[in-house]
Amino acid sequence: MRQSPLVVVANRLPIDDSVAPDGACEWRRSPGGLVSALHPLLRHTPATWVGWAGGTGPAPHLPEVDGVRMHTVPLTAEDLRDHYEGFANATLWPLYHDAVEQPEYHRRWWDAYQRVNQRFAEAAAEVAEPGALVWVQDYHLQLVPGLLRALRPDLRIGFFLHAPFPPPELFMQLPRRVELLRGMLGADLIGFQRPQAAHNFAQLVTKVLGLPATDRRIGVGGRVVRIGAFPVSIDTAEMAALAARPEVADRARRLRRDLGNPEHVILSVDRMDYTKGIEQRLKAYSELLASGDVKVRDTVLIQVAVPSRERVGQYQILRERVEREVGRINGEFGRVGEPAIHYLTQTFDRAELAALYRIADVMAVTPLRDGMNLVAKEYVAARVDDTGALLLSEFAGAATELSQAFLVNPHDLEGLKQELLAALRAAPADVAARMRAMRKHLHRNDIHAWARSYLSALDESGSLLTRLAATD
Ligand SMILES: O=P(O)(O)OC[C@H]1O[C@H](O[C@H]2O[C@H](CO)[C@@H](O)[C@H](O)[C@H]2O)[C@H](O)[C@@H](O)[C@@H]1O
Ligand SMILES: O=c1ccn([C@@H]2O[C@H](COP(=O)(O)OP(=O)(O)O)[C@@H](O)[C@H]2O)c(=O)[nH]1
């Protein structure tokens with residue numbers, strides 16, 4: 001087995017298998033922000049990515065992706081049901097998102113969570129060279145830092161949580177709260193998206209484990225575990241360059257023409273997830289249509305809702321409700337050839353997304369709770385001429401940084417309607433000033449700055465990063 005100086009461990013590999021239109025198996029980029037964030041970063045680094053390739057068969061042998069080795073961890077149908085769909089996405093996910101849906105607790109799911117975490121830890125131990133830096137990602141793998149430390153005490157271990165970390169009152173519900181906290185504390189550095197999350201964690205380890213903790217350091221036996229906020233970002237320059245490409249500009253012009261050259265285009269791009277606030281947004285839009293504040297001929301809403309976690313009951317219910325509501329709104333307010341909402345449940349590639357970002361006069365990103373939300377950042381990066389208004393939920397991690405957005409509480413229906421109208425009607429000079437400030441922030445704080453700050457904090461002595469640079 002070839003070993004690497006840098007190992008990323010994530011539930012998902014950056015590619016997964018899907019069925020092509022002709023029925024053949026094809027590999028394509030995995031959905032979601034974690035892959036969007038890490039994929040550009042690791043390109044051409046001598047690293048191994050340990051993860052699941054989608055599906056439940058034996059682990060396929062995958063080619064290198066842009067020089068990064070893929071080390072596949074297999075999941076059985078039972079693992080998929082009880083670990084990914086169960087403990088990760090029906091217990092932890094809703095709990096970590098303010099319990100906007102009821103978290104479910106089943107003992108069988110916990111067994112699967114431990115089993116799968118052990119498998120990932122063993123895989124990481126196998127591919128990490130002596131003294132390597134291992135970076136474990138997200139809530140699916142919270143036990144891995146502790147398990148890996150027991151197997152390989154020589155490693156430098158980092159953990160980063162892409163989802164929010166909840167306040168103590170919510171986390172205390174978890175029947176396995178002690179084990180989950182101890183698992184994370186196996187890391188040398190624990191990164192969160194927002195300072196509030198680090199604060200929540202520090203409070204919990206004191207309350208539950210009785211450990212001395214500040215928002216920066218926790219004493220665990222003889223070790224010090226550092227914690228902190230490292231807000232994830234995007235490859236800003238790459239998105240800006242993509243959006244400026246002539247073929248993307250052409251595509252944007254054609255899209256706008258196909259929409260009937262409306263005065264205003266509103267865009268939302270989400271995974272179909274109850275955390276994203278899709279239903280609340282549709283309700284606000286429907287009321288604005290009913291009151292006549294927004295008219296179908298002048299204004300078009302495009303809602304991209306990429307299917308996600310489709311076998312989890314709460315996601316199935318959400319999809320049915322969203323589709324019923326989109327049908328109702330189109331039936332009530334649409335005209336022949338002029339739907340009120342263009343509703344798309346397809347996954348678009350980055351060039352098509354960039355064209356969509358270019359035609360969106362208002363980008364509506366209104367999750368009820370979101371770790372970061374990279375779509376909001378991608379939109380800002382794509383607005384190279386400083387036009388376009390970002391309507392952004394206060395409860396997205398991105399709101400900490402993009403404070404010049406039109407900020408909104410998505411639970412407040414009247415507030416949501418008013419802020420959407422404010423974004424639609426804002427003076428061009430106001431819009432440009434806000435966009436300029438946000439673009440400037442993202443050019444400084446891009447994905448490379450994120451990785452540099454996290455990895456240099458993890459590698460305190462600097463020896464591993466020096467070694468990585470030498471093998472690059
Ligand atoms: O892997 P899936 O079940 O298909 O879900 C996709 C990803 O969703 C979550 O993304 C989070 O990470 C983003 C990047 O840091 C962040 O912007 C977003 O707010 C988060 O929700 C999940 O945390 C990932 O593990 C999933 O791969
Ligand atoms: O059709 C689509 C819709 C979304 N995305 C990407 O999926 C990611 C979504 O990340 P985000 O942080 O916004 O939310 P998450 O889905 O991770 O919760 C972004 O990079 C989008 O560009 C994509 O590639 N194609």
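We count ligands from 1, going down the list as the structure has it; atoms in each ligand are counted the same way. Small disclaimer: the values here were computed from a predicted structure and weren't measured.
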Take Y454 and W135 through the test ring-ring contact (aromatic ring centres under 6.0 Å, His included) and record every step on the way to the result. CA-CA 10 Å; Y454 184 89; W135 195 3; 4.5 Å; yes
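- Residue F348 places at least one N or O, backbone or side chain, under 3.5 Å from an N or O of ligand 2.
- Listed for the K377 side chain is a donor-acceptor partner under 3.5 Å among the backbone atoms of V232.
- Residue R12 has at least one heavy-atom neighbour below 4.0 Å for each of these atoms of ligand 1: 1 (O), 2 (P), 4 (O).
- Heavy-atom contacts of R271 reach the following atoms of ligand 2: 15 (P), 16 (O), 18 (O) (cutoff under 4.0 Å).
- Of all atoms in ligand 1, listed by their number and element, those nearer than 4.0 Å to a heavy atom of Y84 are 2 (P), 3 (O), 4 (O).
- For Q137, the heavy-atom gap to ligand 1 stays at 4.0 angstrom or more.
- R182 contributes no side-chain N or O that, together with a main-chain N or O of G146, makes up a donor-acceptor pair within less than 3.5 Å.
- Counting only non-hydrogen atoms, the option in L374, L92, D138, V306 that gets closest to atom 22 (C) of ligand 1 is D138.
- Note: an N/O pair closer than 3.5 Å links L374 and ligand 2 by distance alone.
- Using modelled atom types, one side-chain atom of Q314 and one backbone atom of Q102 make a donor-acceptor pair closer than 3.5 Å.
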Residue pair L180, R177: steps toward the side-chain contact (heavy atoms from CB on, under 4.5 Å) verdict: CA-CA 5 Å; L180 284 165; R177 59 200 188 193; 5.9 Å; no
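- For S308, no nitrogen or oxygen atom sits less than 3.5 Å from a nitrogen or oxygen atom of ligand 1, counting backbone and side chain alike.
- A salt bridge does not link R434 with D386: every distance from a Lys NZ or Arg NE/NH1/NH2 to an Asp or Glu carboxylate oxygen is 4.0 Å or more.
- In summary, the atoms of ligand 1 found under 4.0 Å from a heavy atom of Q193, numbered by their order in the structure, are 15 (O).
- The closest approach between any non-hydrogen atom of H162 and ligand 2 is not below 4.0 Å.
- Of all atoms in ligand 1, numbered sequentially from 1 with element shown, those under 4.0 Å from a heavy atom of G371 are 19 (O).
- If you check the side chains of Y343 and E323, you find a donor sitting under 3.5 Å from an acceptor.
- Look at D111 and R108 and you find no salt bridge, because none of the NZ, NE, NH1 or NH2 atoms lies under 4.0 Å from a carboxylate O.
- Within the set Y315, W450, F160, W93, the minimum heavy-atom distance to atom 21 (O) of ligand 1 is found for W93.
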Run the salt bridge (charged side-chain N to carboxylate O under 4.0 Å, His left out) check on D188 and R149 step by step: do they pass? CA-CA 10 Å; D188 296 292; R149 180 168 295 280; 3.0 Å; yes
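- N373 contributes a side-chain N or O that, together with a main-chain N or O of V375, makes up a donor-acceptor pair within less than 3.5 Å.
- The distance from ligand 2 to the heavy atoms of R350 drops below 4.0 Å at these ligand atoms: 22 (O).
- Note: no N/O pair closer than 3.5 Å links D370 and ligand 2 by distance alone.
- Close to ligand 2: E378, with a non-hydrogen atom less than 4.0 angstrom away.
- For the pair V304 and ligand 2, the shortest N or O to N or O distance does not fall below 3.5 Å.
- Remark: side-chain polar atoms of R251 are not paired, donor with acceptor, to backbone N or O of A355 under 3.5 angstrom.
- Using a 4.0 Å cut-off between heavy atoms, L353 contacts ligand 2 through its side chain alone, with no backbone atom that close.
- For atom 7 (C) of ligand 1, the nearest non-hydrogen atom from the set H162, H140, M372, R309 belongs to R309.
- Among the atoms of K276, none of the N or O lies under 3.5 angstrom from an N or O of ligand 1.
- Residue T347 approaches ligand 2 through these ligand atoms, each under 4.0 Å from one of its heavy atoms: 1 (O), 25 (N).
- The number of heavy atoms from other shown groups lying within 6.0 Å of CZ (R321) does not exceed 12.
- Polar contact with ligand 1: present for N373 (N/O pair, distance under 3.5 Å).
- There is no side-chain donor-acceptor pair under 3.5 Å between R436 and Q404.
- Contacts of V269 with ligand 2, taken as heavy-atom pairs under 4.0 Å, involve the side chain alone.
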